[in-house]
Amino acid sequence: MNSNIFTTQCKQFGISLTITLDSGYLHTLSKIKIPVPLLEVQKEIVRILDTFTSLEARRKQYEYYRDRLQTFPEGEVHRVKIERYWNS
């Protein structure tokens, strides 16, 4: 997709890119053609984004359990010297 095509069409129809949309502008905007990738390309984009979403969810899950394993409520951890068991 090329944003220059959109900009060119906006200029062709006399549309400022900082317009307030009223019914007249909406009618004019409806004439602008916005390039869209082929359906196969769209599906591939969705597949890739779904992969990233899945990876992000796994990363958050990992961080949650990592933090849970590294954080202990006060008084629940009993520290013992290893030497006590080492020499037995």
Around Arg58, counting heavy atoms of other residues, nucleotides and ligands shown, do more than 12 lie under 6.0 Å from its CZ?
no

So which residues get pulled into Tyr64's cluster when ILVMFWY side chains under 4.5 Å apart are joined, directly or through others?
Tyr65

For Glu63, check side-chain hydrogen bond (donor to acceptor under 3.5 Å, both in side chains) against everything at least two apart and list the hits.
Arg59

Ignoring hydrogens, what is the shortest heavy-atom contact between Gln9 and Lys33? Give both atom names and the distance.
OE1-N, 2.8 Å

Taking only residues at least two apart or on different chains, which pairs with a member in residues 36-46 satisfy side chain to side chain donor-acceptor pair (under 3.5 Å)?
Glu44-Arg47

Of the options Val46, Ile45, Thr51, which is the one that meets Leu49 in a side-chain contact (heavy atoms from CB on, under 4.5 Å)?
Ile45

